[in-house]
Amino acid sequence: MTGTFVGMPTFPSAARTALADTQLRHNLAHATGVIRGKRAAVVGEVENWEDLRLAGAAVKDRALRSLDSRLVELEESLTARGAVVHWARDADEANRIVVEVARAHAVDEVVKVKSMVTQEIGLNEALEAEGIAAWETDLAELIVQLGGDLPSHILVPAIHRNRAEIREIFRRRMGEVGRPAPDDLTDEPAVLAGAAREHLREKFLRAKLAVSGANFAVADSGTLVVVESEGNGRMCLTLPDVLVSIVGIEKVVPTWAELDPLIRLLPRSSTGERMNPYTSTWTGITPGDGPQEVHVVLLDNGRTRALADETGRQALRCIRCSACLNVCPVYERTGGHAYGSVYPGPIGAILNPLLKGTGDPQTDSLPYASSLCGACFEACPVRIDIPEVLVHLRAKVVDGHRDDRVPKPEALAFRGAAWAFADPGRLGRAERLSSVAGRVLRRRGKASLGRLPGPGGAWTDARDLPVPPAESFRDWWKRTDGGERE
Amino acid sequence: MRVALMVTCVNDAMFPGTGQAVVRLLRRVGVDVDFPQAQTCCGQPMVNTGYLDEAVPAVRSFVRAFEGYDAVVTPSGSCAGSARHQHQLVAARSGDAGLAAAVAETSPKTYELTEFLVDVLGVTDVGAYFPHSVTYHPTCHSLRMLSVGDRPRQLLEKVRGLRLVDLPKAEECCGFGGTFALKNADTSVAMGTDKARHVRETGAEVLVAGDNSCLMHIGGVLNRGRSGVRVMHLAEILASTEERPA
Ligand code: SF4
């Protein structure tokens with residue numbers, strides 16, 4: 001697998017491949033189980049968790065309602081503090097801005113703070129095409145990058161890898177791109193982390209340019225916020241001379257005070273910690289301290305499209321905690337790659353179609369990649385009603401095909417069902433047909449149906465289906481006068 | 001109190017025994033239940049697959065069938081959830097103000113069976129007898145969309161002879177999910193297989209739940225594996241007595 005999701009198959013077929021990978025299934029079940037347990041414990045400690053969720057959702061909603069003016073305010077406060085603000089409509093524009101800054105400083109490598117948005121726009125690939133190497137400095141991102149792999153989780157991008165695989169990747173690849181792994185590398189987590197630390201330190205100290213995203217951008221003060229666990233982010237944000245931060249426009253929070261619920265919700269929901277180990281905030285330029293040239297790229301890339309969707313816009317509240325992934329029974333079995341995007345799991349299933357629009361088979365398969373069990377909504381710290389948005393997007397997918405010259409079999413089936421459900425008489429007649437079939441099958445001694453041909457096979461390949469009863473409830477009620485004459 | 005049974009399309013066509021059990025059960029606790037013939041389906045299969053226009057006729061027949069009753073009772077957490085949370089959406093999309101008004105009348109008085117028994121009638125001991133070991137799977141929609149909480153357990157605990165065994169990872173989805181079971185059959189089966197494994201781990205003779213659709217899926221997996229575990233709807237256990245065992 002190479003570092004891009006372009007041309008991914010639709011969810012059902014990608015999922016089939018993942019489901020057959022027993023090692024992957026095991027790694028995922030174990031990892032999500034551990035995170036779920038940690039999260040439940042620390043969330044349970046908060047007495048007013050529900051109030052905190054409401055407060056978090058309200059802050060984000062308030063920011064989104066006045067996004068236009070908040071963004072202008074953010075631009076003004078950033079500029080006043082010495083940062084250069086750029087606006088980027090899409091991935092290409094954002095990538096070009098970073099390339100230009102890199103060229104202006106004649107650098108051929110940059111260090112990166114883990115950031116979803118730079119993956120969303122394919123920044124590493126864009127830089128590589130210009131001969132600029134981008135080094136991921138988050139441990140899990142480093143594993144994914146060295147492995148020539150794709151991230152499969154928002155928070156733990158290498159969740160699909162186990163220790164032995166990581167050791168192998170480090171031994172094979174570290175030497176090719178910098179300081180090699182030590183000869184006595186074991187698969188002990190501390191030893192692996194130590195090797196990564198040595199490998200990365202060289203890059204931190206050498207880099208002139210760093211690239212980051214931001215978890216939050218405070219409009220009134222022009223402050224960007226990054227939370228992380230390893231300290232690599234703080235190194236990137238303070239050591240190099242030049243910093244480029246790419247910020248999705250939905251990251252805006254009106255005031256510093258309003259960060260409060262969000263910064264309390266995020267670590268408990270994501271890493272299952274009471275507080276994240278590092279919270280870095282920076283506001284433009286501070287002479288003699290940290291980067292002396294700061295660029296902020298405010299990125300749309302489909303966010304205004306999502307904002308225009310009344311039901312879907314709540315997805316822009318997402319603080320990328322990944323709690324929905326960790327509780328999702330579908331994600332737990334298929335892993336992140338099946339979603340064909342840097343945003344996997346329940347949030348990916350709604351965010352991708354909202355950002356890109358429906359109409360592409362891969363994107364259109366995502367809203368159906370859920371059993372609508374609702375575990376994601378229950379876990380989401382900012383109360384995004386993911387099942388509601390999933391159903392809404394399914395309707396968009398269906399509506400997109402209403403004028404097809406040749407309707408899909410499924411559409412025909414539902415039209416037929418709509419016809420039958422309009423009138424109990426029609427439904428009763430359909431049921432009588434199934435009862436006849438049931439009687440015949442029962443007479444042949446069948447209690448359940450074996451493998452069916454055609455579309456029914458999707459059910460019966462691995463599950464039995466009961467034989468229809470000899471009489472529907474409706475007919476029983478009529479025959480027995482509501483059970484009075486049984 | 002005029003009480004109507006919404007049997008659901010799946011129960012009507014595939015599991016009539018569940019509807020019959022509800023009728024016996026409600027009569028036993030003193031409720032004279034009616035079965036309005038005009039009912040068809042709550043419309044959920046269409047809504048959840050994205051066919052909102054196609055759900056309109058079902059919602060129309062729903063309100064036509066149940067207008068005028070004091071309560072609508074259904075042995076399905078999922079269909080009760082659909083009536084309470086989706087009908088308004090379908091009506092709004094249809095642009096028919098009359099339908100929206102009718103939905104506003106029928107949807108709040110639609111109850112899942114255990115809600116009706118515990119909240120409306122105030123009974124937990126329905127005089128049932130079922131001398132078997134049973135494990136309970138809380139289906140997602142009764143658990144999360146309706147928050148039926150421990151009402152099913154309250155009812156099961158009062159059943160004489162019944163031994164209730166805890167199901168590991170009970171709150172995890174079984175993988176049915178309506179058309180999800182067909183559109184993502186591989187994932188659905190993987191989830192169902194894990195659920196079936198947990199059911200077998202309990203050693204219980206019977207798996208019980210408040211939704212026959214989920215039971216049809218889990219039961220389909222259990223059956224294919226020749227597990228020997230019987231799946232039953234909660235209503236059938238609650239209707240079971242010494243004179244007329246299920
Ligand atoms: S949707 Fe909610 S739970 Fe999922 S990543 Fe975003 S904030 Fe977290």
Would B/Asp53 and A/Arg402 count as a side chain to side chain contact (heavy atoms under 4.5 Å, CB included) if you check the C-alpha gap in whole Å, the side-chain angles of each, and the deciding distance to 0.1 Å?
CA-CA 11 Å; B/Asp53 291 346; A/Arg402 286 207 181 269; 3.5 Å; yes
Stepwise side chain to side chain contact (heavy atoms under 4.5 Å, CB included) check, B/Thr49 with A/Phe414
CA-CA 9 Å; B/Thr49 316; A/Phe414 277 111; 3.5 Å; yes
Show the numbers, then the answer: is there a side chain to side chain donor-acceptor pair (under 3.5 Å) between A/Arg463 and B/Ser188?
CA-CA 10 Å; A/Arg463 291 161 284 202; B/Ser188 168; 2.9 Å; yes
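For the options A/Asp399, A/Asp475, A/Thr334, heavy-atom pairs under 4.5 Å to chain B are most numerous at A/Asp399. Options A/Ser370, A/Ala338, A/Ala369 differ in how many heavy-atom pairs under 4.5 Å they form with chain B, and the most are formed by A/Ser370. Heavy-atom pairs under 4.5 Å with chain A were tallied for B/Asp194, B/Leu5, B/Thr139; the largest tally goes to B/Asp194. Considering only heavy-atom pairs separated by less than 4.5 Å from chain B, the leading option among A/Arg451, A/Glu332, A/Arg426 is A/Arg451. Most heavy-atom pairs under 4.5 Å with chain B: of the set A/Ala395, A/Gly425, A/Ala420, A/Pro468, this distinction falls to A/Ala395. Counting heavy-atom pairs closer than 4.5 Å to chain A, the top residue among B/Val59, B/Asn48, B/Leu143 is B/Asn48. Among B/Cys9, B/Ala65, B/Ala190, the residue making the largest number of heavy-atom pairs under 4.5 Å with chain A is B/Ala190. Contact tally against chain B (heavy-atom pairs below 4.5 Å) for A/Gly482, A/Ser365, A/Gly483: the top residue is A/Gly482. Of the listed residues A/Pro466, A/Gly374, A/Ser434, A/Ala15, the one with more heavy-atom pairs under 4.5 angstrom with chain B than any other is A/Pro466. Per-residue heavy-atom pair counts under 4.5 Å with chain A were compared for B/Cys174, B/Ala181, B/Pro45, and the maximum is reached by B/Ala181. Top candidate by heavy-atom pairs under 4.5 Å with chain A, chosen from B/Gly19, B/Gly192, B/Gly178, B/Ala58, is B/Gly19.
With hydrogens and angles left out, the side-chain atoms of B/Arg224 and A/Thr460 include no donor and acceptor closer than 3.5 Å.
In this structure, A/Trp459 and B/Leu182 have side chains that are in contact, with non-hydrogen atoms separated by less than 4.5 Å. Using a 4.5 Å heavy-atom threshold, the side chains of B/Pro16 and A/Trp476 count as separate. Between B/Val23 and A/Phe473 the shortest side-chain heavy-atom distance falls below 4.5 Å. When side chains are defined from C-beta on, B/Phe15 does not count as touching A/Pro469, because their heavy atoms never get closer than 4.5 Å. Between A/Val391 and B/Val47 the shortest side-chain heavy-atom distance falls below 4.5 Å. Under the 4.5 Å side-chain criterion, counting only non-hydrogen atoms from C-beta, B/Met46 is not in contact with A/Val398. A/Glu410 is listed as a side-chain neighbour of B/Tyr51, based on a closest heavy-atom distance under 4.5 Å. For the pair B/Leu89 and A/Glu388, the minimum side-chain heavy-atom distance is 4.5 Å or more.
Residue contact with chain A, scored on non-hydrogen atoms closer than 4.5 Å, involves the backbone and the side chain of B/Val221 alike. Contacts of A/Asp461 with chain B are made by backbone atoms alone, with heavy-atom separations under 4.5 Å and no side-chain atom involved. In this structure, chain B has heavy atoms under 4.5 Å from both the backbone and the side chain of A/Leu372. For B/Leu222, no part lies near chain A; criterion is any non-hydrogen pair under 4.5 Å. With a threshold of 4.5 angstrom between heavy atoms, B/His217 approaches chain A through its backbone and through its side chain. If you measure heavy-atom distances from B/Arg60 to chain A, you find no contacts under 4.5 Å at all. Of the two parts of A/Leu393, neither the backbone nor the side chain holds a non-hydrogen atom closer than 4.5 Å to a non-hydrogen atom of chain B. For A/Ala29, no part lies near chain B; criterion is any non-hydrogen pair under 4.5 Å. In this structure, the portion of B/Lys169 lying under 4.5 Å from any heavy atom of chain A is its side chain and not its backbone.
Considering every non-hydrogen atom in both B/Ala185 and A/Ala458, the closest pair reads CB-O, 3.3 Å. Across all their heavy atoms, B/Met191 and A/Val330 have their closest contact at SD-CG2, 4.0 Å. The two residues B/Pro57 and A/Ala418 make their nearest non-hydrogen contact at CB-O, 3.5 Å.
The backbone N or O of B/Thr179 sits nowhere less than 3.5 Å from a side-chain atom of A/Tyr368 that would complete a donor-acceptor pair. Distance alone, capped at 3.5 Å, places no donor-acceptor pair between the A/Arg16 side chain and the B/Asp186 backbone.
Note that the CD atom of B/Glu54 and the CZ atom of A/Arg415 stand 6.5 Å from one another [nearest 0.5 Å]. The structure places CG of B/Leu52 at 12.5 Å from NZ of A/Lys396, a figure rounded to the nearest 0.5 Å. Annotation: the span from B/Phe180 atom CZ to A/Cys373 atom SG amounts to 9.0 Å, rounded to 0.5 Å.
With respect to the salt-bridge test (charged N to carboxylate O, under 4.0 angstrom), the residues B/Arg64 and A/Asp423 do not qualify. The pair A/Glu484-B/Arg24 fails the salt-bridge criterion, with no side-chain N (NZ, NE, NH1 or NH2) lying under 4.0 Å from an Asp/Glu carboxylate O. We find that A/Arg333 and B/Glu172 are joined by a salt bridge, their nearest charged nitrogen and carboxylate oxygen being less than 4.0 Å apart. Using a cutoff of 4.0 Å between basic side-chain nitrogens and carboxylate oxygens, B/Arg226 and A/Asp464 are scored as salt-bridged.
More than 12 heavy atoms of other residues, nucleotides or ligands lie within 6.0 Å of CD in A/Glu50, so this atom counts as buried by the packing criterion. No more than 12 heavy atoms of other residues, nucleotides or ligands lie within 6.0 Å of CD in B/Glu171, so this atom counts as exposed by the packing criterion. The number of heavy atoms from other shown groups lying within 6.0 Å of CG (A/Asp404) is above 12.
Residues of residues 32-43 of chain B lying within less than 4.5 angstrom of chain A, judged on heavy atoms, are B/Val33, B/Asp34, B/Phe35, B/Gln37, B/Ala38, B/Gln39, B/Thr40, B/Cys41 in numerical order.
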